[in-house]
Amino acid sequence: MGRYTKEDVLRLVEEEDVEFIRLQFTDIFGSLKNVAITSSQLERALDNKCMFDGSAIEGFARIEESDMYLHPDLDTLEIFPWRPQQGKVARLICNVCRRDGSAFEGDSRYILQRTLRELEEIGFSFDVGPECEFFLFNCDDNGLPTTQTHDNAGYFDLGPLDLGENARRDMVLNLEDMGFIIEASHHEMAQGQHEIDVRYAEALTTADNIMTFKLTVKSIAKRHGLHATFMPKPIYGVHGSGMHINMSLSRNGRNVFGDDTDSNGLSSTAYHFIAGLLRHVKGMALITNPTVNSYKRLVPGFEAPVYIAWSAVNRSPLIRIPDSAKENTRIELRSPDPCCNPYLTLALCLAAGIDGVRNVLDPPRSVDQNIFEMTESQRTELGIERLPSTLGEAIEEFEKDELVKSVLGKHITEKYLTQKKMEWAAYQAHVTDWEVSRYLMKY
């Protein structure tokens, strides 16, 4: 049963003096969109009568079938604590539907919901905890972002080295005001880089939370005169930003990944789930790492995963098993970055893992030594492959993975591929500053 009824939402908006309500949804590329209405129009929106032009949203609909309707999820009502306290601003996250009320196949939130319903049919639930990293940069005199950091701090440093701690504290407090449970926050490896860890929740809630998290971080950073970016690799030669995903399956409220009798503390279900992730991680890369810049992060030397392997004791592989009690056993996938669409990413992680469970797949032996210190021949001998190294390679792997395409459906698969092929072609044709500085004088 949900938290709120229609009557609850109307009453809370009136009691809390909410003047504007943002009806939010996410496009297939992970960008948050919204339509703002005043409280006088709220009842109409709650009756699913708010329409918009889907043809204006990249990857959504053709102009001849463009009428889309926003169906608010009442349980996502939140008041933005950083906005005015008189005439407050609230939000409702929406599903995108067609005129007849049916789900729009290009709605990424619907894709995750559909995948979770299939999981429920076999008796499982899916919990996810994200670890979101981001950079804080100075802005120029016009308020536009630069790539100049405003601190010289490193991993776990504090003030006065960590000049971002005040902004980060405000982010945490605002997130907690909206019901987030923040497990930790700290300065990350690179100058100007930060991490805030959100407690795990059911997968749909987590995907909603990731989108709200990014909006909150950007909004609070701006109030501090800073620009927050979730771009994976904004600065050459330093660590990039990832979004590690911690996952667990439960049945009847019990975590099914743990087994105290196993040397790694893992159940057979967990091993099969890992095998499924490893089988499909290449095909998933176009979604989990969706930009040209994503692959500038996935290079050796900066702790980002490059090679496809798993371990219960080693931090260098793609998948690791964090040390925890049986009821908290989880699988951590380290390749996704924070500019991915969280709804599609979590849907694919779940589908890939369940494919391993259904087909009783076994993972290769764990790799418990530093993969980056191995020679190429050692990695080859152990059968360790690597993730796609460019967006172009990710496109090729995506097109070969039938499971990935079936989870996303024909609409998103075609629209997403078309856009990413255009993006890759544009990047390949672009002349970069690196090329000019290297070749202009020499030739």
Side-chain angles (χ1 to χ4, degrees), residues 2-4 8-9 12-13 16 18 21-26 30 32 34 72-85 88-94 109 112 116 125-136 164-188 193-224 226 228-230 241-248 250 322 324 328 330 332 336-343 345-346 349:
R3 289 191 301 166
Y4 297 131
D8 290 333
V9 172
L12 284 168
V13 164
E16 294 291 333
V18 174
I21 300 94
R22 296 184 178 273
L23 305 178
Q24 297 179 340
F25 62 98
T26 300
L32 188 63
N34 83 179
D73 182 337
L74 304 188
D75 292 340
T76 65
L77 175 69
E78 293 290 352
I79 297 172
F80 292 147
W82 64 86
R83 299 305 297 268
Q85 293 306 295
K88 296 176 183 177
V89 179
R91 75 95 199 273
L92 286 162
I93 295 176
C94 303
R109 193 170 192 261
L112 177 56
L116 290 170
S125 60
F126 186 44
D127 291 324
V128 181
E131 300 175 20
C132 298
E133 297 172 344
F134 56 93
F135 279 85
L136 292 177
E165 65 179 4
N166 288 338
R168 198 173 65 242
R169 181 192 63 225
D170 282 356
M171 293 167 188
V172 169
L173 292 175
N174 277 272
L175 288 165
E176 289 188 332
D177 281 346
M178 291 189 291
F180 282 67
I181 298 176
I182 305 301
E183 294 192 326
S185 68
H186 59 87
H187 198 284
E188 257 295 340
Q193 188 182 34
H194 303 265
E195 179 177 318
I196 298 175
D197 297 334
V198 178
R199 182 175 174 80
Y200 73 87
E202 184 274 334
L204 182 64
T205 299
T206 293
D208 288 341
N209 284 346
I210 291 170
M211 297 306 298
T212 302
F213 175 91
K214 292 198 281 189
L215 173 65
T216 303
V217 166
K218 285 180 171 290
S219 299
I220 302 304
K222 187 174 182 181
R223 290 169 68 94
H224 284 259
L226 301 168
T229 181
F230 293 92
S241 292
M243 188 181 75
H244 299 181
I245 297 176
N246 295 273
M247 298 168 275
S248 63
S250 297
S324 59
N328 295 319
R330 62 193 189 273
E332 180 184 3
D337 64 52
C339 64
C340 70
N341 181 322
Y343 300 101
T345 293
L346 297 191
C349 287

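- At least one donor-acceptor pair under 3.5 Å links the side chain of Thr206 to the backbone N or O of Ala201.
- You'll find the side chain of Leu32 stays beyond 4.5 Å of the side chain of Arg22, heavy atoms only.
- Panel note: side chain Asp127, backbone Ser248; no donor-acceptor pair is recorded below 3.5 Å.
- No side-chain heavy atom of Glu78 sits under 4.5 Å from any side-chain heavy atom of Ile93.
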Take Arg199 and Ile182 through the test side-chain contact (heavy atoms from CB on, under 4.5 Å) and record every step on the way to the result. CA-CA 6 Å; Arg199 182 175 174 80; Ile182 305 301; over 6 Å; no
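- In the displayed structure, Ile181 atom CD1 is contacted under 6.0 Å by at most 12 heavy atoms of other residues, nucleotides or ligands.
- With rounding to the nearest 0.5 angstrom, the OG1 atom of Thr26 is 8.0 Å from the CG atom of Asp208.
- Between Trp82 and Asp170 the shortest side-chain heavy-atom distance does not fall below 4.5 Å.
- Looking only at side-chain heavy atoms (C-beta outward), Met211 and Pro342 come within less than 4.5 Å of each other.
- For the residue pair Cys94 and Pro72, the shortest heavy atom distance occurs at SG-CA, 3.7 Å.
- Summarising the local packing, NZ of Lys222 is surrounded by 12 or fewer heavy atoms from other residues, nucleotides or ligands at distances under 6.0 Å.
- Between Val89 and Val18 there is no side-chain heavy-atom pair separated by less than 4.5 Å.
- Residues Ile210 and Met243 form a side-chain contact, since some pair of their non-hydrogen atoms from C-beta on lies under 4.5 Å apart.
- A 4.5 Å side-chain heavy-atom check between Asn246 and Tyr200 finds every atom pair outside the cut-off.
- In this structure, Arg91 CZ and Gln24 CD are separated by 5.5 Å, a value rounded to the nearest 0.5 Å.
- Shortest non-hydrogen contact noted between Tyr4 and Leu12 is CE2-CD1, 3.5 Å.
- Leu74 has its side chain out of reach of Asp8: every pair of non-hydrogen atoms, C-beta onward, lies at least 4.5 Å apart.
- Atom CD of Glu332 is separated from atom CD of Glu131 by 5.0 Å, given to the nearest 0.5 angstrom.
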Step by step, would you call Asn209 with Phe180 a side-chain contact (heavy atoms from CB on, under 4.5 Å)? CA-CA 8 Å; Asn209 284 346; Phe180 282 67; 3.6 Å; yes
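- Residues Gln193 and Ser241 have side chains that bring a donor and an acceptor to within less than 3.5 angstrom of each other.
- Taking OG from Ser250 and CD from Glu202, the interatomic distance works out to 11.0 Å, rounded to the nearest 0.5 Å.
- Atom CE in Met178 sits 12.0 Å away from atom CG in Leu77 (nearest 0.5 Å).
- To the nearest 0.5 Å, atom CD1 of residue Ile245 and atom SG of residue Cys340 are 6.0 Å apart.
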Would Leu92 and Asp73 satisfy side-chain contact (heavy atoms from CB on, under 4.5 Å), going step by step from the backbone distance to the final call? CA-CA 6 Å; Leu92 286 162; Asp73 182 337; over 6 Å; no
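- Ring orientation note: the planes of Phe213 and Phe134 are nearly perpendicular, at an angle over 60° on the 30°/60° scale.
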